[in-house]
Undergrad: 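Got a structure here, written out as C-alpha cells. Questions coming.
Proteins come first, then strands; the chains are lettered A, B, ... in the order of their sequence lines, and each starts at number 1. Computed over heavy atoms, backbone and side chain alike; hydrogens, waters and symmetry mates excluded.
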Amino acid sequence: MSAVQARRVGAESLIVVPYNRVSAAAVATNMILILLGCFFLLPMLWMLFASIDSNPDWAIRLPSPTLANFVDVLGRADALSSFRSSLILAGTTTVVTTVLAVLAAYPLSRMHIPFKRAFMLAILFASGLPVSMLIIPVYQMYVTFGWLDSLYATALFLSASSLPFAIWLMKNFIDAVPVELEQAAAIDGASTARIVRELVLPLTLPGIAVTAIYTFINAWGAFIIPFVLTYSPDNQPGPVEIYNFMGSHGLFKFGDLAVFSLLFSVPVIVLYLFMSRYFSGAFNFGGAVK
Amino acid sequence: MLSEVRFEGVHKIFGTETAVEDLNLTVGAGEFLVVVGPSGCGKTTTLRMLAGLERPSYGRILIGDKVVNNVSPRFRDVAMVFQSYALYPHMNVYDNLAFGMRARGASGKLVADRVKETADVLGLGQLMKRRPSELSGGQRQRVALGRALIRQPQVFLMDEPLSNLDAGLRVQMRAELSRLHERFRVTTMYVTHDQVEAMTMGDRIAVMNSGRLQQVDAPETLYDSPANIFVAGFIGSPRMNFVPGRLTTAQGKPTVEFLGVKAPLGAGARLTADATDADVTVGIRPEDLMWRKAAGPDSTLSLHAEVDVVEPMGHEAYVTALCAGETVTSRFPPRSGVRTRERVELALNPARLHLFDARSGTTILLRPIAGAADPPRSVGEARTDDSAEGRAERQRQPQARGTQSRAEEIS
C-alpha cells in the first residue's frame, strides 16, 4: 500500500519519495507464512475459547463465558497430582542433565582429548536418535531393575536422552568464552577452583540457564517415556494425563481438556519468555578480547 | 626482586611442527628484551612457554635460579599482557585490577591501596566502576597493563600489546611502556612483529624466524651488523636492497663486484675465515644509496640507474630504480624533482656495504668496513663504539644503555 502511495505522490508532485517495492515473491512468502502460522495458532485459539466456554465442542467459536471448567479441573485430584509428577520429573531431569552437561562440556571445550571429534560427532548423532527406538529394551531394563513406576528412575532415562543435545549446546556456550580469560586468571595466580567460580560460571551462566530451561521444557512435555515407564495414576505427568482425558472418559470433556492444556502450558510459556531475554542480550563478552 | 630469565636448549614441537627449535636465550635482570619476527616464527610460543601456558618439549626454562618447566603459571610469579587484553568482561576496572592480588590472598586494605596506586600511575582513576565493554581501546590497554603492574611480578610478558591500537595511540603507549619500564625496571619479554616497536623499546632485540633464534643484539648493533640476510631484511624500513655480487681478490685486497661496479673492501674490513672468492649477496640499506647530488664525499661509488617509482614521504623520498638489471630502493631528499624514466646517478659509501654468503645467507663481513667517517644514521644515533669489546660490553649490561634517551626521542 505504501509503495502505491509513494509512486502516486512521486508522479503527481515530482517529489522524490523512497520507493518500496512489493514483489510477488514477498507476497507469496508472507501468505505461506501466515497460512502456516494459522496451523499453530488456531488450536491455541480453540484452547483459549473452549476453556471458558460453558458448552464447548470441536468447533472454534466465541465462548459463552464461564469459569466452571477451571473450577472443575482444579477440583480434580488426578489433575493436581499430574502437575506434581511433572514437576518432579522435569525438575530432576533438569538438574541431572544440566550438571552433567556442564561437567562434560567444559573439558570437551577446553582440553586436548583423544578422539574428541569422533566423540562429539557421536554425541550429535545420539541427540538425533528417536527415543521410541529404545523404549522396548529400556522397558525391559527397568523391569529387571525394578525401577518401573518410579518418577526419579524415569527422570534418569529422560536425562540420558536429553544429555547429548545438552552437552552439545553447553559446549558451544563454553567455546564462546575466550580461553585467554582463563589463562590470564591462571597467570594472575588464581586456582582452578577460583577460575571456575569467578570466571567460568559467571560467564557461562546464560548458557547454563538456556540449557536448563531447554531441558526442562522438553522433559515437561515428554510423553512416550513416562507413558511407558510409569503406570500408577499418582505418577502420571501432565502429557500422559491429557492423553487420559481424551482416551478413557468415553465422553469428551472438552472444557476440562482445554483448561488443563492451558494450565499445563503456562510454565513453558513463562520459561520461554525468560529464555528469550537471555538469548537477546546476555551473551556479551564486549571488552574482554578486543 | 629482579630476576634473570634463561632458555636453555628449549624446543617446542606441536605434532609434526617444530614451533621453537633449540632456543638459547638469556633475558638479563631488569632488561627489556623484545622478541621480533614474522607470524609463525615461534615468538609467541616462546612467551607462552615462559608463562607456563605451553610446556617445552625439550630443554629448560629458568626464572632466577629456578627451573620452572613443571611450575604451573599460577606459581611462576610472572604477569602477562595479552594481545587481546583478556580483561574479565563481567568485572569492573577495580575488580579486574584487584583480581590477581585477591587470588593471592592479599588483605582488603592492601588491595585497595595498590589498586589506587596503580590506577594513578596509569590514569585510570575515573574509570574504576566501568566494565571493559564501556572502555575505549586505549583504556582497555591500560587496564590490561595495570593488571600486570599491580602484581609486582618478577617478569613481565607482553604479547603484541599494542597491535590492537590505532597508529597514534600506539606511538603514545610505546613511549608510556618505555617510561614504565624505566620506572619499575622489571625484567620484560616483549613480543611483537613490528620492527619499529622492537627498535624503539628494546634494550636488546631477539630476532626469530621459523622457530630459530637468528640474532640477539642491541638495536643499533642489529641494524648495523645483521648476522644474516633474514635479520638484515627484517630490520629496517624500507627493506635493505639485496643484489647478487662476487667476491674476488684484486692486488691482494678483497674486492666485491656488484651492479657493474667494483668496490675494494677497506683496510679495516675483516671477512670470516671461510670467506673465499665466491658468489655473495650484497646488502645495501636504502639510506646508504643516495642521489649523487645529495651525497657526501664518502660515497665514492657511483651507479647509474633509471627511476621507476618515486614515493615522497615528506621529509624524504624513496626512489625505486633499475640499476644494472636489479631493482633497488634509494633514499632521496624531498622535492628532488626526479621523475619516472629519468636517468639518475646514485652514490654509495662502500663502508656501508653488507656482505652475505650467497648460499647460507650468513654474514661474511665481521665488522662494517672501516674507513670513511660514518654518515648520520636513520635510527637516530650515530654509531657508537662498534668494536667487539664495545659490543660485548653492551650485551653484558643491557640496562646501562640509554632507554631514557630513546624514550625522550619518542615523546
Undergrad: Does any non-hydrogen side-chain atom of B:Leu53 lie less than 4.5 Å from one of A:Ile187?
TA: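 In short, these two side chains touch, coming nearer than 4.5 Å.
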Undergrad: Check whether more than 12 heavy atoms from other residues, nucleotides or ligands sit under 6.0 Å from atom CZ of B:Phe184, and answer yes or no.
TA: yes
Undergrad: Please determine whether side-chain contact (heavy atoms from CB on, under 4.5 Å) holds for the pair A:Gln183 and B:Met80, giving the CA-CA distance in whole Å, both sets of side-chain angles, and the decisive distance to 0.1 Å.
TA: CA-CA 10 Å; A:Gln183 295 174 343; B:Met80 181 154 165; over 6 Å; no
Undergrad: At a heavy-atom separation under 4.5 Å, does A:Glu182 approach chain B through its side chain, its backbone, both, or neither?
TA: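 Neither part; nothing is under 4.5 Å.
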Undergrad: Is the number of heavy atoms from other residues, nucleotides or ligands within 6.0 Å of CZ (B:Phe14) greater than 12?
TA: yes
Undergrad: How about B:Lys66: does its NZ atom have over 12 heavy atoms from other parts shown lying under 6.0 Å from it?
TA: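 For B:Lys66, atom NZ is not crowded (no more than 12 foreign heavy atoms under 6.0 Å).
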Undergrad: Does CG in B:Asp166 sit with more than 12 non-hydrogen atoms of other residues, nucleotides or ligands closer than 6.0 Å?
TA: yes
Undergrad: Is it the backbone or the side chain of B:Met91 that comes under 4.5 Å from a heavy atom of chain A, or both, or neither?
TA: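 Contact with chain A is through the side chain of B:Met91 alone.
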Undergrad: Who wins among B:Ala103, B:Gly105, B:Ser72, B:Ala144 for the most heavy-atom pairs under 4.5 Å with chain A?
TA: B:Ala103
Undergrad: Can you say whether B:Leu135 sits under 4.5 Å from chain A via the side chain, the backbone, both, or neither, judging by heavy atoms?
TA: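 Contact with chain A is absent: no heavy atom of B:Leu135 under 4.5 Å.
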Undergrad: Could you check whether any side-chain N or O of B:Arg76 sits under 3.5 Å from a backbone N or O of A:Gly189, counting only pairs where one atom can act as donor and the other as acceptor?
TA: no
Undergrad: Give the minimum heavy-atom separation between B:Phe99 and A:Ala190, together with the two atoms involved.
TA: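 Looking at all heavy atoms of both residues, the shortest contact is CE2-CB, 3.7 Å.
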Undergrad: At a heavy-atom separation under 4.5 Å, does B:Arg48 approach chain A through its side chain, its backbone, both, or neither?
TA: side chain
Undergrad: Flag yes if more than 12 heavy atoms outside A:Tyr272 fall under 6.0 Å of its OH atom; otherwise flag no.
TA: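 Not buried by this count: 12 neighbours or fewer within 6.0 Å.
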Undergrad: Is any side-chain heavy atom of B:Arg74 closer than 4.5 Å to a side-chain heavy atom of A:Ser191?
TA: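 B:Arg74 reaches A:Ser191 side chain to side chain.
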Undergrad: Heavy-atom distance under 4.5 Å between the side chains of A:Asp188 and B:Pro73, does that happen here?
TA: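 They are not in contact (no side-chain heavy atoms under 4.5 Å apart), so the answer is no.
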